[in-house]
There are 2 protein chains.
Amino acid sequence: MSLAHALLTSLLEQASSGYDLARRFDKSIGHFWQATHQQIYRELGRMEKAGWIRSEPDPEAGRTRKRTYAVLPAGRNELMRWAAEAAPLADLRDEFLVRLRADAVVGPLDMVPELARRRALHADKLRAYRAIEARDFAPEAEPTRKRRIHHLILKAGIQYEQGWIAWYDEALEVLGEEGAAAPAASTLSVTPGAPEAR
Amino acid sequence: MSLAHALLTSLLEQASSGYDLARRFDKSIGHFWQATHQQIYRELGRMEKAGWIRSEPDPEAGRTRKRTYAVLPAGRNELMRWAAEAAPLADLRDEFLVRLRADAVVGPLDMVPELARRRALHADKLRAYRAIEARDFAPEAEPTRKRRIHHLILKAGIQYEQGWIAWYDEALEVLGEEGAAAPAASTLSVTPGAPEAR
DNA sequence: CTCGACAATGCAACGCGTTGCATAGTTGGC
DNA sequence: GCCAACTATGCAACGCGTTGCATTGTCGAG
């Protein structure tokens with residue numbers, strides 16, 4: 001049921017078309033919750049039927065089918081009710097770790113290129129988040145509650161990416177040296193990275 | 001398709017019954033991949049039909065229905081094939097962040113107890129991981145490749161929990177002070193936590 | 001012996017996520 | 001005018017995860 005509530009949240013921030021919502025899920029909300037346009041339209045249909053939202057043709061739509069959705073009082077009430085509930089922890093769930101563990105059984109497979117690729121992807125994301133932070137959360141700005149919360153959420157993404165980057169650095173250290181030689185324990189030189197230094 | 005491969009991996013590590021596999025998914029593998037016993041049995045059935053695994057009555061089962069599953073060569077080949085493929089990044093996806101963002105729109109709701117509860121749950125997990133690390137990865141042990149990989153995987157869980165604990169500390173700092181008074185910016189005293197110090 | 005808890009297995013229904021595919025309108029470059 | 005790319009929407013099939021429920025056997029305490 002979280003997608004419906006993510007959509008209610010987004011629509012309360014700004015009434016939008018389905019397409020704009022989908023784009024927002026590719027971007028800002030997509031940093032911590034993902035959904036495809038098929039899901040979004042499906043959910044919008046359900047929510048409209050439930051009386052939580054209402055749609056009308058976009059005034060600037062011309063002959064397109066563009067409609068704008070807005071939240072009704074019942075939708076707002078539902079969101080308030082839901083937001084006060086407890087949420088389950090988001091468990092760590094990463095297919096790559098399954099592959100890594102498979103490597104330990106059937107390997108050695110050469111995982112280093114994939115480790116490097118994934119580290120780079122995480123670094124890209126961190127860079128993007130940092131750019132957003134610089135743009136939207138300049139330190140001299142007066143923090144409103146809303147801005148503080150949004151910044152916290154962005155920081156969640158930042159810490160997530162940073163943690164993974166540090167882990168991939170260590171993994172590359174540990175698994176990357178295998179191709180060089182059969183390492184003796186004394187030449188392993190594992191420098192405990194950030195995960196252990198915390 | 002990752003569950004099948006997680007099961008292949010687990011069975012190659014140790015031939016097991018469905019029940020033992022389910023318990024392992026509640027514990028070690030469950031640190032980075034989760035599955036219910038219903039899923040596991042469903043998948044085991046498919047994999048046996050596909051010729052990847054074989055089951056036979058457990059020699060110590062007595063009159064119970066306990067069966068032991070083992071991987072066939074076709075299953076091992078499939079795992080090797082799959083493990084060498086690229087895996088998508090695990091996106092951050094956390095319902096609580098949706099709730100937090102909802103709070104910014106319809107709040108203030110009192111999120112502090114939930115923040116504290118979740119921080120405590122993460123701390124519990126970290127404690128458990130640290131105990132496992134001390135038990136299974138004592139520094140003086142000669143590291144084999146397998147042990148190094150397993151330790152890396154455990155460290156993934158550790159860094160994940162640590163990152164979240166630090167984030168919750170900051171969130172409690174930011175949102176916890178609201179109940180005290182209407183804070184002026186000069187008394188906000190946000191100490192940039194670990195996420196920014198990295 | 002009874003019963004609750006645990007071991008061991010498994011069917012089924014449903015919702016959500018994924019993927020494929022589709023239609024229709026607009027815009028701008030060639 | 002043509003066409004590719006984008007805007008805007010949406011149906012459908014399928015697999016996976018979740019949840020509920022079920023049966024059968026064992027064990028140990030009362």
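Since the structure is predicted, the reported quantities are computational estimates derived from the model, not experimental observations. Within every chain, numbering begins at 1; the chains are lettered A, B, ... in the order of the sequence lines, protein sequences first and strands thereafter.
The backbone N or O of B/Ile29 sits nowhere less than 3.5 Å from a side-chain atom of B/Arg24 that would complete a donor-acceptor pair. Side-chain atoms of B/Trp167 come within 3.5 Å of backbone atoms of A/Leu152 as a donor-acceptor pair (strictly under, hydrogens ignored). Between the side chain of A/Arg118 and the backbone N or O of A/Tyr168, no donor-acceptor pair lies under 3.5 Å. Checked by atom type and distance alone, the side chain of B/Glu78 never pairs as donor or acceptor with a backbone atom of B/Ala74 at under 3.5 Å. For the pair B/Glu43 (side chain) and B/Leu7 (backbone), a donor-acceptor distance under 3.5 Å is absent. Judged by distance alone, with hydrogens and angles left aside, the side-chain atoms of A/Glu114 form a donor-acceptor pair with the main-chain N or O of B/Ala87 at under 3.5 Å. At least one donor-acceptor pair under 3.5 Å links the side chain of B/Asp94 to the backbone N or O of B/Phe96.
As a whole-Å value, the separation of B/Arg65 CZ from C/dG10 P is 7 Å. The NZ-C1' distance, from A/Lys66 to C/dT27, rounds to 14 Å in whole Å. Between the CZ atom of B/Arg24 and the P atom of C/dA8 there is a distance of 13 Å, given to the nearest Å. Counting to the nearest Å, the P atom of C/dG25 and the CZ atom of A/Arg67 are 16 Å from each other. The OH-P distance, from B/Tyr19 to C/dC6, rounds to 9 Å in whole Å. At whole-Å resolution of the value, CD in B/Gln39 and C1' in C/dA8 are 18 Å apart.
Between B/Leu3 and A/Gly18, the one whose closest nucleotide on DNA chain D sits nearer the 5' end is A/Gly18. Along DNA chain C, the nucleotide closest to A/Ser2 and the one closest to A/Arg63 are compared, and the more 5′ of them pairs with A/Ser2. Take the nearest nucleotide of DNA chain C for B/Arg42 and for A/Ala61: the residue whose nucleotide is more 5' is B/Arg42.
Classified by interplanar angle (parallel below 30°, tilted 30° to 60°, perpendicular above 60°), the ring pair B/His5/B/Trp52 is tilted.
In summary, B/Arg127 and B/Asp124 engage in a salt bridge, as defined by a charged side-chain N under 4.0 Å from a carboxylate O. A salt bridge links B/Glu13 to A/Arg101: one of the charged nitrogens lies within less than 4.0 Å of a carboxylate oxygen.
Among the heavy atoms of the strands lying under 4.0 Å from A/Thr64 are primed sugar atoms or P, OP1, OP2 only; no base atom is included. Contacts of A/Gln38 with the nucleic acid, taken as non-hydrogen atoms under 4.0 Å apart, include base atoms.
For the contact set between residues 87-95 of chain B and DNA chain C, defined by any heavy atom under 4.0 Å, the members are B/Arg93.
If you walk DNA chain D from 5' to 3' and mark each nucleotide with an atom closer than 4.0 Å to a heavy atom of chain A, the marks span D/dT7 to D/dG17.
Put simply, B/Tyr41 has a side-chain N or O that comes within less than 4.0 Å of OP1 or OP2 on C/dT9.
Put simply, the side chain of A/Phe32 does not reach to within 4.5 Å of the side chain of B/Leu100, judged on heavy atoms. When side chains are defined from C-beta on, A/Ile132 counts as touching A/His31, because their heavy atoms get closer than 4.5 Å.
Helix bend of the helix from C/dC1-D/dG30 to C/dC30-D/dG1: the angle between its two end axes, each built from five pairs, comes to 10° after rounding to 10°.
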